[in-house]
Amino acid sequence: MRIEYELAAVVTEAIKAAQTAGDLPQFDIPEVTIERTRDLAHGDYAAPIAMKLARLARMAPVKIAQAIADQAALPDFLSAVEVAPPGFLNFRLATDWLQQQVDVIVEEGMGYGRSTLFAGKKAQIECVSANPTGPIHIGRTRGGVMGDTLKRAMKAVGYDMTLEYYYNDAGRQITKLGETTKIRYQQLLGQDVKLGDEHYQGAYITDIARELVDKFGDSKLNEPVEFFGDYAKNIISQSQKDSLKRINIVFDVYYNERSLYESGRVWDALKTLEERGYVYEKEGAKWFKTTEFGDDKDRVLVKATGEPTYRMPDIAYHYHKAERGFDVVVDFFGPDHHATAPQVLMGVQALGYDPSFVKTVLHQIVNLTRGGKQVKMSTRAGTFVTLDELVDEVGADPIRYFMVSRSGNSEILFDLDLAVEQSDKNPVYYIQNAHVRCAGIFRKWAEAGYDPNADEGADLSLLTNEYVLNFLRKGLELTAVLEKIATTYEPHHLAFYAYELAAAFHPAYEAARVLHSDVPEPLRLARLRFYRAAKQLFARVLDLLGMSAPEVM
RNA sequence: GCCCCCGUAGCUCAGAGGAUAGAGCGUCGGCCUCCGAAGCCGGAAGCCCAGGUUCGAGUCCUGGCGGGGGCACCA
């Protein structure tokens, strides 16, 4: 967002100068905000500062704006500053500077749009965090794509990022997994045993059992449930990683809940909570006084059986996150965990930390539709849609795009038909096609035997087409978009930006041809340079989205 | 009953307190003799209701109405 920051500084200096000159009265200057204009008729950037100052200065906003404009020292990237009622300061980008951005984009390549706003800050994102008892399904996929996209954006604006997956491979669920696997194994060997309601119904466990039969025959019939649990867990855990890898999500850290017990952190956390007076015993259980933090009832930390609830390791885990020194920790929660998010923060606070470093991002469900009808899903019946099935059906790119194409607060309607449709109706293809069109130009250029580097040093001042300049303006917004995402933890802005960038590109492509016979040589080279920049920019943005940038489709 | 999310165009959604509320789909009309029409250009059409805060509210606050989700000593 460096242009906005520079502009804000220009305006602030101009206000000071106007005060010194006596054109404005003395007052403490508030923070100057700069925004993009919606309409080019208002220039490229606007500062609504004069309206804010009206009361302080006891002057009409238009007069204030004029006083500021008179004192503003225009930097080289601006050609004009204008005053518009009711008191906007409008700034216009210098065309020659805008044209030069073509070379800037080419030179900065995959680093284009980065900023140092959060340089030196450490952040962690936790998402997916499914236990290794079954395949990743689409709800977790949404959190994963949002988290991974956020990671890429935060990294681009200076954060040192850790993408983390929290899971539990011990306890009740794994026992059930072991039981299920053993029963399936026994069934395959002809024994008359049945699954209970509490067991996992999915066919993937039968596959694992079949693998056991193939490998070991009936020699494992006397192995305990733990053997089967361990075996299944390892296979499932690996296949979860493989599934996520298919949509370009790779975690830096897999954090095992069990380690919280082994390191003693769970008991440390409990002890600290007790010492700080947030725990009491009732009916044999240990309760956390969450009502002191606004909860409507207290919550159990340790059951009467002596076994901790999920809440206890969750709190201990965040205790450790705090100790690990992250400046920011982002947790993604699906709709089934919305209620637990505040309790974790209460735990952090009760442990003596300012919980504001933990940012909880909630997201709603994903509804799949096929042929205009909703695809019914049920975990119990084993008919839920898994990430793997989704990748098989529509491919990775549509999943990456659609899962991050809505605010987390909105439900997603994932249209399986649209996701694979190759037309302008499908935003995935619309965006990628921009890259493909650029690639086509360079392919044709090479086929015609021209010098592949002929555009180096081209005269960019020939790029006067309004659509071309508009594309460059849109390109300039990338940094602001990334900083906004890293500030609000809302990665969906990147999906919208990518679409807008493509929407700015296609008219330019129609209007500014390269290889057509009526394009004079110097202009042709300038345009070729432009498409080199455009191609680079789409590669950059698609990479930030974790999507591919195809040469052909 | 309590908590969370949502309510913006026929449909699906954007909208960091700022100017004439933006897209996509659908709809109506126009555009291919040369780089991907997998595209472009144009039209019609909208902030749930009532108060409040503010120079300024789709945005913030309060109260309604309507829809979705959650309220375990499961995770």
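Residue numbering restarts at 1 for every chain, and letters A, B, ... go by the order of the sequence lines.
Taking atom NE2 on H363(A) and atom P on rG68(B), their separation rounds to 21 Å, with Å as the unit. Atom CD of E500(A) and atom C1' of rA14(B) are 8 Å apart (whole Å). In this structure, CD1 of I64(A) is placed 15 Å from C1' of rG18(B), rounded to the nearest angstrom. Protein atom CZ of F402(A) is 12 Å distant from nucleotide atom P of rC25(B), rounded to whole Å.
Across all strands shown, H337(A) has heavy atoms under 4.0 Å from base atoms, whether or not it also approaches the sugar-phosphate. When heavy atoms are screened at a 4.0 angstrom cut-off, V302(A) is found touching no nucleic acid atom at all. Across all strands shown, E510(A) has heavy atoms under 4.0 Å from base atoms, whether or not it also approaches the sugar-phosphate. Using a 4.0 Å heavy-atom cutoff across all strands shown, L413(A) reaches sugar-phosphate atoms only and no base atom. Across all strands shown, N90(A) has heavy atoms under 4.0 Å from base atoms, whether or not it also approaches the sugar-phosphate. Residue P48(A) is classed as a base contact, given a heavy-atom separation below 4.0 Å to a base. Using a 4.0 Å heavy-atom criterion, one finds that Q173(A) contacts the sugar-phosphate atoms exclusively. Looking at heavy-atom distances under 4.0 Å, A512(A) makes contact with a base. K52(A) comes within 4.0 angstrom of a nucleotide base, judged by non-hydrogen atoms across all strands. Counting any heavy atom pair closer than 4.0 Å across all strands shown, A339(A) reaches sugar-phosphate atoms only and no base atom. Within the nucleic acid shown, A511(A) has no heavy atom closer than 4.0 Å to any nucleic acid atom.
Salt-bridge annotation for K176(A) and E198(A): absent, with no side-chain N of the basic residue lying under 4.0 Å from a carboxylate O of the acidic one. Using a 4.0 Å cut-off between charged side-chain N and carboxylate O, D296(A) and R299(A) make a salt bridge. A salt bridge does not link R265(A) with E257(A): none of the charged nitrogens is closer than 4.0 Å to a carboxylate oxygen.
Proximity of R38(A) to the phosphate of rA19(B): a side-chain N or O atom is located under 4.0 Å from OP1 or OP2. Residue K425(A) has a polar side-chain atom (N or O) positioned under 4.0 Å from OP1 or OP2 of rG26(B). Considering only side-chain N and O atoms, Y499(A) lies nowhere under 4.0 angstrom from the phosphate OP1 or OP2 of rC25(B). Distances shorter than 4.0 Å separate some side-chain N or O of N409(A) from OP1 or OP2 on rC6(B).
With both ends at atom C1', the span from rU59(B) to rG52(B) equals 15 Å, rounded to whole Å. With C1' as the reference atom, rG29(B) and rU33(B) are 25 Å apart, rounded to whole Å. Spacing between rA23(B) and rA45(B) at atom P, rounded to whole Å, works out to 15 Å. Remark: the separation of the P atoms in rC49(B) and rC32(B) is 45 Å, to the nearest Å. Rounded to whole Å, the separation between the P atoms of rC48(B) and rG7(B) comes to 8 Å. As rounded to the nearest Å, rC74(B) and rG69(B) have P atoms that lie 24 Å from one another. As rounded to the nearest Å, rC60(B) and rG67(B) have P atoms that lie 23 Å from one another. Rounded to whole Å, the C1' atom of rG17(B) lies 31 Å from the corresponding atom of rC25(B).
Judged purely by distance below 3.5 Å, without hydrogens or angles, the side chains of N256(A) and D169(A) pair a donor atom with an acceptor atom. In this structure, a donor-acceptor pair under 3.5 Å is absent between the side chains of E126(A) and Y255(A). For H435(A) and Q432(A), the side-chain atoms include no donor-acceptor pair closer than 3.5 Å. Side-chain atoms of N409(A) and Q364(A) include no donor-acceptor pair closer than 3.5 Å.
Remark: the H493(A) side chain and the rA14(B) base include no donor-acceptor N/O pair separated by less than 3.5 Å. Between the base of rC5(B) and the side chain of E411(A) there is no donor-acceptor pair shorter than 3.5 Å.
The aromatic ring of H338(A) does not sit over the base of rC4(B), since the test of centres under 5.5 Å and planes under 30° is not met. H42(A) qualifies as a stacking partner of the rA19(B) base, centre to centre under 5.5 Å and near-parallel within 30°. Residue F496(A) and nucleotide rA14(B) are not classified as a stacked aromatic pair, given the requirement of ring centres less than 5.5 Å apart at an interplanar angle below 30°.
Geometric assessment of K286(A) against the ring of Y280(A) yields a negative cation-pi assignment under the 6.0 Å and 45° thresholds.
Between S410(A) and I365(A), the residue whose closest nucleotide on RNA chain B is further toward the 5' end is S410(A). Nearest-nucleotide assignment on RNA chain B puts the 5′-proximal partner with S407(A), out of P335(A) and S407(A).
Base pairing of rC32(B) is not made with any nucleotide, judged by Watson-Crick or G-U wobble geometry with both donor-acceptor distances under 3.5 Å. For rG66(B), the paired nucleotide is rC6(B), the pair qualifying as Watson-Crick or G-U wobble because both relevant distances are below 3.5 Å.
In textbook terms, a nucleotide whose glycosidic angle is within 90° of 0 is syn, while rC65(B), being further out, is anti.
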